[in-house]
Colleague: 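Structure in structure tokens, see below.
Below, chain A is the first sequence line, B the second, and so on; all start at residue 1.
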Amino acid sequence: MSDHAAAGAVKAAPATASRRRGASLSRQFAAWAFLLPITAYLAVFYAYPLYRNVDLSLREYTVRSFVQGGAKFVGLKNYRTVFDDPTFVPALVHTAIFTGASLVLQFALGMALALFFFQHFKLSTTLRALFLVPWLLPLIVSASTWSWMLNSDSGIVNAALRAVGIGPVHWLTSPTWALASVTLANIWIGIPFNLVLLYSGLQSIPADVYEAAALDGAGSWKRFWLVTFPLLRPVSAITLLLGLVYTLKVFDIIWIMTRGGPADASTTLATYSYQLGFGTLLPQFDKGAAVGNVLILIALAFGLLYIRAQRKAAN
Amino acid sequence: MARRPQLRTLVGLILTAVMLFPLYWMINVSFTQDKRMRKSPPDLFPTHGTLEGYRAVLHQQLPYLGTSLIVALGTVVVTLVIAAPAGYSLARLRPRGRGALTFVLLIVQMIPGIIMAFGFYAIYLRLGVLNSVAGLILADSTIAIPFGVLIFTAFMSGIPGEMLQAAEIDGAGTLRRFLSVVLPVSRNSVVTVSLFAFLWAWSDFVFASTLDIGGRHQPITLGIYHYIGNNNQQWNAIMATAVVASIPAAILLVIAQRYVAAGVTAGAVKD
């Protein structure tokens, strides 16, 4: 395949054409040979589990038929059951609140920190690197640390509140605070991601844009709103949409801190799905899979928006 | 904001201290004695420190750490073997349908892990490979492989075409060019992908808690999880395990910080 140019030069024109077609065919063959592992992998480890998941949600499973097979096809019955379940709507609402609050606050804090670190002072690079730590830690580490910090009787947060005369708040054990507590932990974990992406966005803004604005006499607040913020719009869109897709997936933090409780007060679609399939002694895989598929549809809808934003930013 | 540079550094130090306070607290609690654990107010410094927590780690958690190490390294190998050739092909060999494949790779990263776990559970149960280390490695690799292919594609697109043409003129076939030209110059991307694959597999809880919860060899995330479930009282042992489980992240940040930042941005903003 590598000699086609040299060979083509001495051969007659029609022969070159067919020769070239042959060469490009064998090039395609080589190209796809390298893609064979990933294609097989995607089929076996993505497409098939997803297919099994859809299949699970369309049949009526008992623990027995789950192991032995032969479960009855029931169409969308599991979906109807789940939608009528008193946990579903709260789970949907909690997912929206958890995701929305996390996104807004992570983004706002990440942006403020990116602007702050962009001023390049002594130690700024080192400190910015340290900000990455929460994002790199295993989620179970962060979640269990926050659990203990927010413990009603012995947590440091309530100890600090007591010092200023505020009575104990039952962060993880009262329905009023549970969702706010897991959201707080999730924001802490998400700040680094927003900081890094927005900082790289700031770096890509040409310095002369700032200089021009400074010469025009724009103050720093005005420069941010009139110059920086509009120029960061593509990066901001990507950061928010990617953060959204990641936040919809969050399960570990909530499950470890509250298990979705108390009384479903902090359950989201992800923990609800897990609860149905793996969180009880009597698993309902069919219904858990149905909730999971609803979550996939939501994630994919925003995922497509993200890909569109990314394409737009690249152009 | 602060005008004087020293003031900025001071503000930066305070912000970093606030941000990293939970980490400090984790370390502080890991050294706190059992009987002082529920004291009010809690000890702010481990002045009456103890190593009980770390002794518990040494006695109970070493097998979990070993399993995590094997799972994470296995995930790195599987990820590299599958993702690197794919990246090479997508970047340099112009296969037909590469747009569609790239699109699929972006989309699959958005599927929540818990949903993959349902599918894997059903399949593994039938095949009888639940609670196996190999099964966990294969499931964990789904977290890193799509990301890995996209990183490799981005890096390998940047290799100068002359290098590959020179090898081609010397008679090197596609495979030879991949092994002896592309891979050696792609060292940075190999490091980046390996680091993230390792860290994600090391941190995985969703697959471990669904596919390996009854296994004889369980990873450290389940070690912590069992601790939280079983003995609510021994928080020094829980936090000591958490500290030990954070070591890979800490090492990564110290020795490979630039790769980390590169991975975070490359995963999101493709150029």
Side-chain angles (χ1 to χ4, degrees), chain A residues 2 28 30-32 34-35 37-38 41-42 45-46 49-50 52-53 56 67 116 119 121-124 127 129-133 136-141 144-146 148-149 154 156 159 196-197 200 238 242 245 249 251-252 270 273-274 277-278 285 288-289 292 295-296 299-300 303 307 310, chain B residues 5 8-9 12 16 19-20 22-23 25-26 29 37-38 40-42 82 85-86 88-89 93 95-96 106-108 110-116 118-120 122-123 125 142 145 149 168 174 199 203 205-206 210 221 224-225 228 235 238 242 245-246 249 252-253 257 260-261 264-265 268-269:
Chain A
S2 54
Q28 280 299 315
W32 274 95
F34 279 90
L35 289 180
I38 185 75
Y41 181 86
L42 286 172
F45 291 100
Y46 269 102
L50 284 177
R52 280 298 320 227
N53 202 50
L56 270 177
V67 179
F116 174 69
Q119 300 175 94
F121 44 90
K122 206 172 184 184
L123 287 178
S124 67
L127 296 181
L130 285 173
F131 260 78
L132 275 175
V133 174
L136 295 172
L137 291 182
L139 288 175
I140 193 162
V141 166
S144 42
T145 304
W146 277 99
W148 186 243
M149 283 171 56
S154 319
I156 177 76
V196 170
L197 285 188
S200 82
I238 286 171
L242 205 59
V245 173
K249 293 208 263 192
F251 149 78
D252 317 35
S273 169
Y274 184 92
F278 300 100
F285 293 105
L295 184 58
I296 285 202
L300 285 190
I307 292 176
Q310 197 191 43
Chain B
R8 279 185 198 151
T9 304
T16 313
M19 184 74 178
L20 298 188
L23 255 70
W25 201 246
M26 167 174 83
V29 172
M37 196 62 77
R38 300 214 168 244
S40 173
I82 291 177
Y88 170 55
S89 179
L93 303 178
R96 262 177 229 137
L106 279 172
I107 283 288
V108 295
M110 290 155 189
I111 299 168
I114 173 68
I115 286 146
M116 297 300 293
F118 270 97
F120 274 118
I123 296 166
L125 187 70
T142 58
I145 284 182
V149 176
E168 192 170 353
T174 321
L199 207 60
S203 312
F205 172 72
V206 177
T210 50
T221 48
I224 298 178
Y225 189 56
I228 299 176
W235 275 89
I238 299 175
S246 309
L252 227 146
L253 197 73
Q257 192 212 325
V260 174
V264 178
T265 41
V269 197

Colleague: Checking A:Phe45 against chain B: side chain, backbone, both or neither under 4.5 Å from a heavy atom?
Modeller: both
Colleague: Chain A: which of B:Thr210, B:Leu20, B:Leu23, B:Leu199 shares the most heavy-atom pairs with it under 4.5 Å?
Modeller: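 Winner by heavy-atom pair count: B:Thr210.
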Colleague: Run the side chain to side chain contact (heavy atoms under 4.5 Å, CB included) test on B:Trp25 and A:Ile156 for me, step by step, so that the C-alpha distance in whole Å, both residues' side-chain angles and the decisive distance to 0.1 Å come before the verdict.
Modeller: CA-CA 9 Å; B:Trp25 201 246; A:Ile156 177 76; 3.6 Å; yes
Colleague: Measuring from B:Phe118:CZ to A:Leu50:CG, what's the distance to the nearest 0.5 Å?
Modeller: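 Interatomic distance, B:Phe118 CZ to A:Leu50 CG, rounded to 0.5 Å: 13.0 Å.
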Colleague: Heavy-atom pairs under 4.5 Å with chain A are the metric here; pick the option from B:Ala122, B:Gly113, B:Pro95, B:Gly12 that has the most.
Modeller: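 Heavy-atom pair counts peak at B:Pro95.
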Colleague: Below 4.5 Å, heavy-atom pairs only: which of A:Phe285, A:Trp146, A:Phe131 has the largest tally toward chain B?
Modeller: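 If we count pairs closer than 4.5 Å to chain B, A:Phe131 comes out on top.
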Colleague: Can you tell me which of A:Ile307, A:Leu123, A:Leu300 forms the most heavy-atom pairs within a distance under 4.5 Å of chain B?
Modeller: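 Among the listed options, the one with the most contacts to chain B is A:Ile307.
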Colleague: Using non-hydrogen atoms only, which part of A:Ile296 is less than 4.5 Å away from chain B: side chain, backbone, both, or neither?
Modeller: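 Both parts, backbone and side chain.
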Colleague: Between B:Val149 and chain A, with a heavy-atom cut-off of 4.5 Å, which part of the residue counts as in contact: side chain, backbone, both or neither?
Modeller: side chain
Colleague: With chain B as the partner, which of A:Tyr46, A:Tyr274, A:Phe251 has the greatest number of non-hydrogen pairs under 4.5 Å?
Modeller: A:Tyr46
Colleague: Heavy-atom pairs under 4.5 Å with chain A: which of B:Leu93, B:Leu125, B:Thr142 has the most?
Modeller: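 Between B:Leu93, B:Leu125, B:Thr142, the count favours B:Thr142.
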Colleague: Checking B:Ile107 against chain A: side chain, backbone, both or neither under 4.5 Å from a heavy atom?
Modeller: both
Colleague: Is there a side-chain contact between B:Val29 and A:Trp148 (heavy atoms, below 4.5 Å)?
Modeller: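 The answer is yes, as the side chains (C-beta and beyond) meet within the 4.5 Å cut-off.
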Colleague: Taking all heavy atoms of B:Ser89 and all of A:Ala31, pick out the closest pair and write down the distance.
Modeller: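 Result for this residue pair: OG-O, 2.7 Å.
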Colleague: Side chain, backbone, both or neither: which part of B:Ile111 has a non-hydrogen atom closer than 4.5 Å to chain A?
Modeller: both
Colleague: For the interface with chain B, which of A:Ser124, A:Pro37, A:Ala270, A:Ser144 has the highest count of heavy-atom pairs at distances below 4.5 Å?
Modeller: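 Of A:Ser124, A:Pro37, A:Ala270, A:Ser144, A:Ser144 has the most heavy-atom pairs under 4.5 Å with chain B.
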Colleague: With rounding to the nearest 0.5 angstrom, report the CD1 to CZ distance, A:Ile140 to B:Phe205.
Modeller: 5.0 Å
Colleague: Would a 4.5 Å heavy-atom cut-off, applied to side chains only, mark A:Leu42 and B:Ile145 as touching?
Modeller: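 No, too far: nothing below the 4.5 Å cut-off.
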Colleague: What part of A:Ile38 gets within 4.5 angstrom of chain B, counting heavy atoms only: side chain, backbone, both, or neither?
Modeller: both
Colleague: Which residue out of B:Arg96, B:Met37, B:Met116, B:Met26 racks up the most heavy-atom pairs below 4.5 Å with chain A?
Modeller: B:Arg96
Colleague: So, for A:Val141 and B:Ala242, which heavy atoms are closest and what is the spacing to 0.1 Å?
Modeller: CG2-O, 3.7 Å
Colleague: Does any N or O in the side chain of B:Thr9 come within less than 3.5 Å of the main-chain N or O of A:Lys122, such that one atom is a donor and the other an acceptor?
Modeller: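 A pair under 3.5 Å: yes.
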Colleague: Rounded to the nearest 0.5 Å, how far apart are CG of A:Leu242 and CE of B:Met110?
Modeller: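 One gets 6.5 Å once the value is rounded to the nearest 0.5 Å.
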Colleague: I'd like to know whether B:Trp235 forms a side chain to side chain contact (heavy atoms under 4.5 Å, CB included) with A:Ser154, so could you lay out the CA-CA distance, the side-chain angles of the two residues, the decisive distance to 0.1 Å, and finally the verdict.
Modeller: CA-CA 11 Å; B:Trp235 275 89; A:Ser154 319; over 6 Å; no
Colleague: Name the region of B:Tyr88, side chain, backbone, both or neither, that has any atom closer than 4.5 Å to a heavy atom of chain A.
Modeller: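 Just the side chain, heavy atoms under 4.5 Å.
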Colleague: Could you check whether any side-chain heavy atom of B:Thr174 comes within less than 4.5 Å of a side-chain heavy atom of A:Phe34, counting everything from C-beta outward?
Modeller: yes
